[in-house]
Amino acid sequence: MDCLEFRRRLGADPAHRDADFIAHRDACPACAAAWARAQQFERRLADALAVPPPPRLAERMLLAQATEERLARRKYLQRGLALAASAGGAFVLGRFLGTRDDTESLRALAVAHLPGEAFALGLKQPIPVSAIEQGFINRGVRLAASPPPDVTYVHDCPVGPYRTVHLVMQRGGLPVTVIYVVGHRNRAHDRFERAGWHGTVVPLRAGTLVAMAANPELLSGAVRDWRLSLDGPAASGHLA
Amino acid sequence: MPVLPFVNTRQRQFEALVRAHSGELYRYAYWLCGQAALAEDLVQETLLRAWKGLEALREAEAARGWLYTILRREHARLYERVRPGMDELDDEQHAAEMAWADPERQGSDAELREAMLALPPKYREPLLMQVLGGYSCEEIAAELGVKANAVMVQLFRARQKLKEALSERSETTHGLP
């Protein structure tokens, strides 16, 4: 390689590492100096291009995808139901699911909400506390204490007529879904089993907390943690 | 368990993809279009398309190139609809766009950033792919559908133009013609 070819290559690809390129640099002092200047310029260029991404960019991208996915699933479900209805199958489907006489209750609506955001059950990466707090603030609720550390999903979802905060936690490798209903306080505690989910409905602060998991043993811990977070240590100790 | 395993796997793959590449994609998008808000929109569109076509991604090593390709297409699509550019930004907007820079780095880095944004796309795009994406000349050539020699010329001229712009600014600053 001669000086001309070296400079041509250096100008186009300063990170070039071919043996003949390196050999010429080591043999020619003038080209070695040009190489050093080029490396300095590249560092400066890389620094100048290092735009910091906006805060929580990844979380916002995942939220956008989650929202789009939920809408797509809802459309898919609506089309499926329309098809079932047109075939006279809606009644049969309702009987099969055992929900025909209980489709409007909070627990039924909570369970029915899960397939639309099924992907959320698979999220494993804990999300920042600030994102969880923001999810509640979006619904006008301020947490009294830190949320549980294993929350992997938060979204302010409408569930039937209710305004809710939809959360997913990972406990022992299994997802626990928590739906906090804002401004609607159930009169009493309730437990249920529906469509493969075990659930509990708990009046909490001015709202109602619905916790659901495949394993019923995970529910009491989840309720305890959210009681602490929503009521604060003093109030939750008093209630306990 | 009401959730099918493939749903979890697919979502997990996507989540990993977003966490690994969204920052880098944002930087690439920013320097393609020159606007922070538009760059974020481009990244979002890119990732939504990636989600829909995730089955096309067969190897983890190919993820970065695949996402860059989608982003470039989204950017081209955007230009088919509108032609956003720095000339549409007023001074106040432009200052806000550049507000992320450390004040201590405002001097020479700011000049270099402005020179970068002023580069014609045919020079800026391959340079971004090389500096931000770590692409080789041959990979850039394959991606842009041109010959490797042409890419080398573009990269050479891109750097020359940046250096010339910096040199001109330096001369102006020092009161030289």
Side-chain angles (χ1 to χ4, degrees), chain A residues 7-17 37-38 41-54 56-69 72-73 111 114-115 117-125 127 152-153 168 174-175 177 194-197 212-215, chain B residues 1-5 7-12 14-16 18-28 30-31 36 39-40 43-44 46-48 50-52 100-101 105 108-113 115-116 127-128 130-132 134 136-137 151-160 162-163 166:
Chain A
R7 299 297 177 98
R8 193 177 69 84
R9 175 56 82 168
L10 181 65
D13 185 10
H16 197 65
R17 289 290 177 272
R37 285 195 300 276
F41 180 77
E42 287 308 297
R43 281 194 293 275
R44 190 177 159 195
L45 182 59
D47 280 351
L49 296 187
V51 186
R56 298 196 299 279
L57 178 69
E59 281 75 16
R60 282 191 280 145
M61 295 298 121
L62 287 168
L63 184 61
Q65 173 256 342
T67 307
E68 173 142 324
E69 180 66 3
R73 280 174 186 272
V111 170
L114 296 182
E117 296 187 32
F119 64 88
L121 299 168
L123 300 179
K124 301 289 184 194
Q125 182 85 24
I127 57 175
T152 56
Y153 177 73
V168 177
L174 289 174
T177 298
R194 190 181 184 92
W197 291 99
M212 292 166 282
N215 180 352
Chain B
M1 190 74 186
V3 179
L4 298 173
V7 175
N8 291 347
T9 308
R10 188 169 189 267
Q11 182 64 33
R12 272 203 299 276
F14 180 73
E15 192 182 345
V18 171
R19 292 192 190 284
H21 296 290
S22 56
E24 186 184 340
L25 285 175
Y26 174 81
R27 270 188 285 278
Y28 184 52
Y30 178 86
W31 290 110
E40 196 170 331
V43 174
Q44 183 169 316
T46 299
L47 290 170
L48 288 176
W51 165 252
K52 287 173 188 162
W100 50 267
R105 291 172 53 190
S108 61
D109 277 6
E111 287 171 0
L112 190 48
R113 283 192 289 270
M116 187 72 187
L127 188 61
L128 289 175
Q130 188 185 54
V131 177
L132 292 179
S136 69
C137 291
V151 169
M152 284 189 67
V153 170
Q154 285 170 335
L155 289 168
F156 186 90
R157 287 188 182 157
R159 286 188 171 84
Q160 260 191 333
L162 287 180
K163 287 171 188 170
L166 291 177

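Note that these values count all heavy atoms, side chains included, but never hydrogens, waters or copies made by symmetry. These numbers come from a predicted model, not from an experiment. Letters go in sequence order (proteins before strands), and every chain restarts at 1.
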Structural part of A:Q65 lying under 4.5 Å from a heavy atom of chain B:
both
Interface check, chain B: of A:E68, A:Q125, A:K124, most non-hydrogen pairs under 4.5 Å belong to A:Q125
Main chain of A:L123, side chain of A:T152: is a donor-acceptor contact present, judged purely on distance under 3.5 Å?
yes
With sequence neighbours left out, what residues match A:Y153 under ring pair (Phe, Tyr, Trp, His ring centres under 6.0 Å)?
A:F119, A:H166
Contacting region of B:L25 [heavy-atom separation from chain A under 4.5 Å]
neither
Is it the backbone or the side chain of A:R8 that comes under 4.5 Å from a heavy atom of chain B, or both, or neither?
both
Would you call B:Y30 and B:E40 a side-chain contact if the rule is heavy atoms closer than 4.5 Å?
no
Between A:E59 and B:R19, is there a salt bridge with N-O shorter than 4.0 Å?
yes
Quick one: list whatever passes ring pair (Phe, Tyr, Trp, His ring centres under 6.0 Å) with B:F14, sequence neighbours left out.
B:W51
Using a cut-off of under 4.5 Å on heavy-atom pairs, state which of A:L45, A:L10, A:L114 scores highest against chain B.
A:L45
Which portion of B:Q130 sits near chain A, non-hydrogen atoms under 4.5 angstrom
side chain
Max heavy-atom pairs within cutoff under 4.5 Å with chain A, candidates B:E15, B:R157, B:M116, B:Q44, goes to B:E15
Report yes if the side chains of B:L127 and B:L162 come closer than 4.5 Å at any heavy-atom pair, otherwise no.
yes
If one checks every heavy atom of B:V153 against chain A at 4.5 Å, the contacting part turns out to be neither
